[in-house]
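Notes to accompany the following structure.
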Amino acid sequence: MSVRARFAPSNTGYLHMGNTRTALFNFLFARNQKGTFILRVEDTDQQRSEDRYTEAIIDALQWLNMEPDEGPIFQTDRFDTYGEKIDQLLEEGKAYKCFCTPEELEAQRQEAQEAGRKPKYSGEWRDRTDHPDDQPFVVRIKMPLEGTITVKDLVQGEVTVNVEELDDFIIRRSDGTPTYNFVVVVDDVDMDISHVIRGSDHLNNTFRQIPVYRALGQQPPTFAHLPLIDGLSKRKGSASVQDYRDLGFLPEAVVNYLSRLGWSHGDQELFSMDELTSLFGFDSVGRSPSTFDEDKFRWVNSEWMKRLELSDLAERWVPFLKDRGFDVEVDDNLIAITDLMRERADTLVALTDESTYFFSDDFEYNEKAVKKWLSPDLKPAVEALADRLQSLEEWNSDAIGTLYRELGKEFDLGLAKLAQPTRIGLTGSTSSPSVFDLVATFSRDEVVVRLQKVIDELLTE
RNA sequence: GUCCCCUUCGUCUAGCCUGGUCCAGGACACCGGCCUUUCACGCCGGCGACACGGGUUCGAAUCCCGUAGGGGACGCCA
């Protein structure tokens, strides 16, 4: 039997990292088993469902390279099916009409709570036949009256609960719409889902859903309830996939980092999607919840920035540069800059922040740096530097390095005395890549112009 | 309140099933050093955990029981 796994988010919000991890594990398992990965949108919440969220979810999965093999399937397209199934259960006596009002139920819940009992429906209408004609009603499913229900879970192991914990829950509201715990089961049956992989907040639902499978005459699928992730909501608003994309994280890093929340493979930290799909299995999924750690996420991202093909990284960088108003495209120069800068940043945004001076000379000189490294007595040396750079035969790092050393000797200056003023002139501060590489990455004219500006503005009294 | 689940360094985790090789390994973060024309990167080193209490056993992070703490679920939401 082939594996069919589904990711079933509701379209009431953007795709958050917790959900993304669930999607990822479904995807990885399906791929690992040569099965099918399906997207189903649970859009039955009339109030909060929105198309733009559906689009965002699809867009996010695409970006992460986790496109579904089937779907999206929408539950709102399937209301007729749900209605038929409920009618069928009603006819078979496996479900019944309940005429209690929400107020009555609320009162009962309160009472039970206070008495220290589990707040559950009494089953009052389960066997009553004195149905009023003109009252609104809901449909409830009959839960077994005695015994236990056991979930065999790939992550949690066997979990058993006494049926006394369960009540006859509503499967059709008084407005005629079906409820979640019912439609999931109908959908999973119709979609021939073999493995239900979701957050462990659904573990308790599973005990309700298993009797539904049975009422429908179906075998429940295999379940895998993943431990939850803490610390997501606290992240001030930036918790959706596209938020992290905008922050300059790479999809490879999102996938890599998320895979390690709850799953592991020995001491290995870095995984490509291919490695993940071949290594993934529920044997290596832990049971305890984890915390989202942005520091480590950034580290994983920085590793991916170093691993990507240079031109690929440059290409992905361009949109961020354009966002800042720098009209660039991928060419040899941008690739050289990427090469020089990428190991100094952990996100594409950080990379942009660190690199602005390559694209604009509109920056302030760092005051402390100027004070420490620039004094008028350096003027002749810097003038000579600009001059000799202007006429240097070859424009590359080695040749430039040689020139700096020569000048150092001639003027009897340490390398720093020439290097730091150069940095200040080119970048505004003293932190940058190797000066020789730095200089070589700029055009000769640009270097001379910026050096001249230093001479005029900072070395001339 | 009731039920379910969880508990190894600050964080992610290896080890646990198949007790000894674990005075517990790796990674992030942090601290120190090296490299060096600066800042990073990199390299080297350091700090740092088996929640607690009972058992079982020659021996327990590993098995059993209990306690505490944390999370989840208890909707005419999904």
Side-chain angles (χ1 to χ4, degrees), chain A residues 8-12 42-49 75 98 100-102 105-106 109 112-120 136-140 151 153 155-157 159-162 164-167 169-177 179-181 183-184 199-208 225 227-228 230-231 257 260-270 283-284 286-300 302 306 341-345 354 369 373 401 404-405 408 414-420 422-424 427 429-436 438:
Chain A
S10 64
N11 59 343
T12 54
E42 317 236 312
D43 59 344
T44 55
D45 187 327
Q46 316 277 3
Q47 265 72 51
R48 299 182 298 151
S49 288
Q75 292 187 318
C98 164
C100 291
T101 65
L105 295 172
E106 187 47 39
R109 266 196 288 274
Q113 281 267 14
E114 280 158 24
R117 295 194 315 272
K118 187 149 180 115
K120 49 180 266 194
F137 63 88
V138 299
V139 175
R140 288 179 183 272
V151 176
D153 192 286
V155 174
Q156 309 290 333
V159 187
T160 300
V161 88
N162 198 307
E164 282 158 28
E165 300 302 324
L166 277 17
D167 64 0
F169 66 90
I170 294 169
I171 58 176
R172 175 189 280 160
R173 303 185 184 94
S174 51
D175 67 1
T177 58
T179 61
Y180 171 76
N181 275 125
V183 302
V184 207
S200 66
D201 50 337
H202 285 283
L203 185 60
N204 287 283
N205 283 330
T206 311
F207 299 111
R208 288 164 216 288
H225 286 94
L228 269 16
D230 299 329
Y257 178 69
R260 291 284 291 100
L261 252 30
W263 175 85
S264 63
H265 179 67
D267 286 339
Q268 190 174 342
E269 298 285 352
L270 270 8
D283 286 350
S284 311
R287 269 194 282 262
S288 48
S290 48
T291 307
F292 190 88
D293 179 18
E294 190 159 315
D295 280 336
K296 185 146 185 184
F297 184 23
R298 296 186 88 91
W299 173 76
V300 171
S302 74
K306 289 173 203 158
M341 300 302 288
R342 68 162 157 186
E343 66 184 28
R344 317 171 66 80
E354 294 290 313
W373 293 102
Y404 269 79
R405 285 183 233 283
L415 202 45
K417 293 280 190 186
L418 288 171
Q420 297 302 56
T422 305
R423 284 201 172 87
I424 292 167
T427 75
S429 83
T430 53
S431 85
S432 87
S434 156
V435 247
F436 313 144
L438 182 73

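Within every chain, numbering begins at 1; the chains are lettered A, B, ... in the order of the sequence lines, protein sequences first and strands thereafter.
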- Task: Output yes when at least one side-chain N/O atom of A/R287 is less than 4.0 Å from OP1 or OP2 of B/C6, else no.
- Result: yes

Pairing partner of B/U57, by Watson-Crick or G-U wobble and under 3.5 Å for both distances, is none

Rounded to whole Å, OH of A/Y180 lies from C1' of B/C74 at a distance of 15 Å

For A/A369 and A/I424, the nearest pair of non-hydrogen atoms, with its separation, is O-CD1, 3.6 Å

A/E164 CD to B/A73 C1', in whole Å, measures 18 Å

Donor-acceptor pair, A/R260 side chain versus A/W263 backbone, under 3.5 Å?
-> yes

- Message: Counting C-beta onward and ignoring hydrogens, is there a side-chain heavy-atom pair between A/D295 and A/W299 closer than 4.5 Å?
- Response: no

A/Q75 CD to B/A78 P, in whole Å, measures 9 Å

Among B/U37, B/C76, B/A29, the one nearest any side-chain atom of A/D295 is B/A29

A/D201 atom CG is separated from B/C3 atom C1', nearest whole Å, by 16 Å

What is the ring orientation for A/H202 with A/Y180, classed by angle as parallel under 30°, tilted 30 to 60°, or perpendicular over 60°?
tilted

Separation between OG1 (A/T206) and CG (A/N204), nearest 0.5 Å, reads 8.0 Å

Between the protein and nucleotides 14-16 of chain B, which nitrogen or oxygen pairs come in under 3.5 angstrom?
{"from": "B/A14", "atom 1": "OP1", "to": "A/S264", "atom 2": "OG", "distance (Å)": "2.8"}

Whole-Å distance, A/H202 NE2 to B/A73 P, equals 9 Å

Nucleotide N/O to protein N/O under 3.5 Å, stretch nucleotides 41-46 of chain B:
{"from": "B/C41", "atom 1": "O3'", "to": "A/K306", "atom 2": "NZ", "distance (Å)": "3.3"}
{"from": "B/G42", "atom 1": "OP1", "to": "A/K306", "atom 2": "NZ", "distance (Å)": "3.4"}

Reckon A/E269 touches a base, only the sugar-phosphate, or nothing at all at heavy-atom distances under 4.0 Å?
base

CZ (A/R423) and CG (A/L418) are apart, to the nearest 0.5 Å, by 11.5 Å

Short side-chain N/O contact to B/A78 OP1/OP2 from A/T44, under 4.0 Å | yes

Assign A/Y404 to base, sugar-phosphate, or nothing according to its heavy-atom contacts below 4.0 angstrom with the strands shown.
nothing

Closest of B/C5, B/A78, B/U37 to the A/V435 side chain is B/U37

Across every strand shown, the nucleotide meeting Watson-Crick or G-U wobble geometry with B/G66 (both distances under 3.5 Å) is B/C52

Checking N1-N3 plus N6-O4 or O6-N4 for Watson-Crick, or N1-O2 and O6-N3 for wobble, each under 3.5 Å, the partner of B/A78 is none

Against the side chain of A/S290, the closest entry in B/C5, B/U37, B/C12 is B/C12

For the C1' atoms, the ones on B/G25 and on B/U8, what distance do you get once it is rounded to whole angstrom?
11 Å

Rounded to whole Å, CG of A/L270 lies from P of B/C12 at a distance of 18 Å

In whole angstroms, the gap separating P of B/C4 from CG of A/L203 amounts to 11 Å

Between B/U13 and B/A49, how many Å separate the two C1' atoms, rounded to a whole number? 12 Å

Applying the 3.5 Å cut-off to both distances, the Watson-Crick or G-U partner of B/C3 turns out to be B/G72

Considering only heavy side-chain atoms of A/K296, the closest of B/U37, B/G26, B/C3 is B/G26

Note to self: By the 4.0 Å heavy-atom rule, please label A/P227 as base, sugar-phosphate, or nothing.
What the structure shows: nothing

Between protein and nucleotides 61-66 of chain B, what N or O pairs are separated by less than 3.5 Å?
none

Fill in: Nearest-angstrom distance, P atom, B/G19 to B/G26
25 Å

* **A/S288 (side chain) and B/U7 (base): donor-acceptor pair under 3.5 Å** => no

Paired to B/U21 by Watson-Crick or G-U wobble criteria (both distances under 3.5 Å) is none

One should read off an interatomic distance between A/N181 CG and A/I170 CD1, to the nearest 0.5 angstrom, of 11.5 Å

Here the gap from A/E42 atom CD to A/S49 atom OG, rounded to the nearest 0.5 Å, amounts to 10.0 Å

Between A/T291 and B/C12, is there a side-chain N or O to OP1/OP2 distance below 4.0 Å?
yes

*asked:* Over all strands shown, is A/C100 touching base, sugar-phosphate only, or nothing at heavy-atom distances under 4.0 angstrom?
replied: base

Taking B/C4, B/A78, B/U37 as options, the one with an atom nearest any side-chain atom of A/R423 is B/U37

Look at all strands and tell whether A/H225 reaches a base, only sugar-phosphate, or nothing, counting heavy atoms closer than 4.0 Å.
-> nothing

Note to self: Suppose you measure atom P in B/C28 against the same atom in B/A68; what distance do you get, rounded to whole Å?
What the structure shows: 38 Å

### Message
Within the 4.0 Å heavy-atom criterion, would you say A/P119 contacts the bases, only the backbone, or no part of the nucleic acid?
### Response
base

d(A/L166 CG, A/F207 CZ) to nearest 0.5 Å is 8.5 Å

Notebook entry, point to check: Is it the case that A/D175 and A/T177 place a side-chain donor and acceptor less than 3.5 Å from each other?
Noted result: yes

> Given the P atoms of B/C16 and B/U21, what is the spacing between them in whole Å?
Replying inline: 13 Å

Looking at B/G75, I'd like to know if its phosphate oxygens (OP1 or OP2) sit under 4.0 Å from a side-chain N or O belonging to A/R109.
yes

*asked:* For the P atoms, the ones on B/U11 and on B/C50, what distance do you get once it is rounded to whole angstrom?
replied: 12 Å

* To do: Return yes if the base of B/C5 and the side-chain atoms of A/S200 contain a donor-acceptor N/O pair under 3.5 Å, otherwise no.
  => no

* Asked: So what does A/S10 hit on the nucleic acid, given a heavy-atom distance under 4.0 Å: a base, only sugar-phosphate, or nothing?
  -> sugar-phosphate

Sub-3.5 Å donor-acceptor pair from the side chain of A/K120 to the main-chain atoms of A/E164, do we have one? yes

All heavy atoms of A/W373 vs all of A/K417, minimum pair found to be CZ3-N, 4.4 Å

If pairing means Watson-Crick or G-U wobble with both distances under 3.5 Å, then the partner of B/C30 is B/G46

Per atom distances to the A/V161 side chain, the nearest of B/U38, B/C28, B/C3 is B/C3

Checklist entry - Any chance the side chains of A/T422 and A/Y404 put a donor and an acceptor closer than 3.5 Å? => result yes

Rounded to the nearest 0.5 angstrom, the CZ-CD distance for A/R287 and A/Q156 is 6.5 Å

- prompt: If you look at every strand shown and take non-hydrogen atoms under 4.0 Å, does A/S174 touch a base, only sugar-phosphate, or nothing?
  reply: base

5'-most contact on RNA chain B (nearest-nucleotide basis), A/S431 vs A/Q268, goes to A/Q268

Rounded to whole Å, the CG-P distance (A/N205 to B/C5) equals 16 Å

Which whole number of Å gives the distance between the P atom of B/G10 and that of B/G54? 23 Å

Worksheet item: What nucleic acid atoms does A/V159 come within less than 4.0 Å of, heavy atoms only: base, sugar-phosphate, or nothing?
Response: sugar-phosphate

P spacing across the pair B/G53 / B/U62, given as an integer number of angstrom: 13 Å

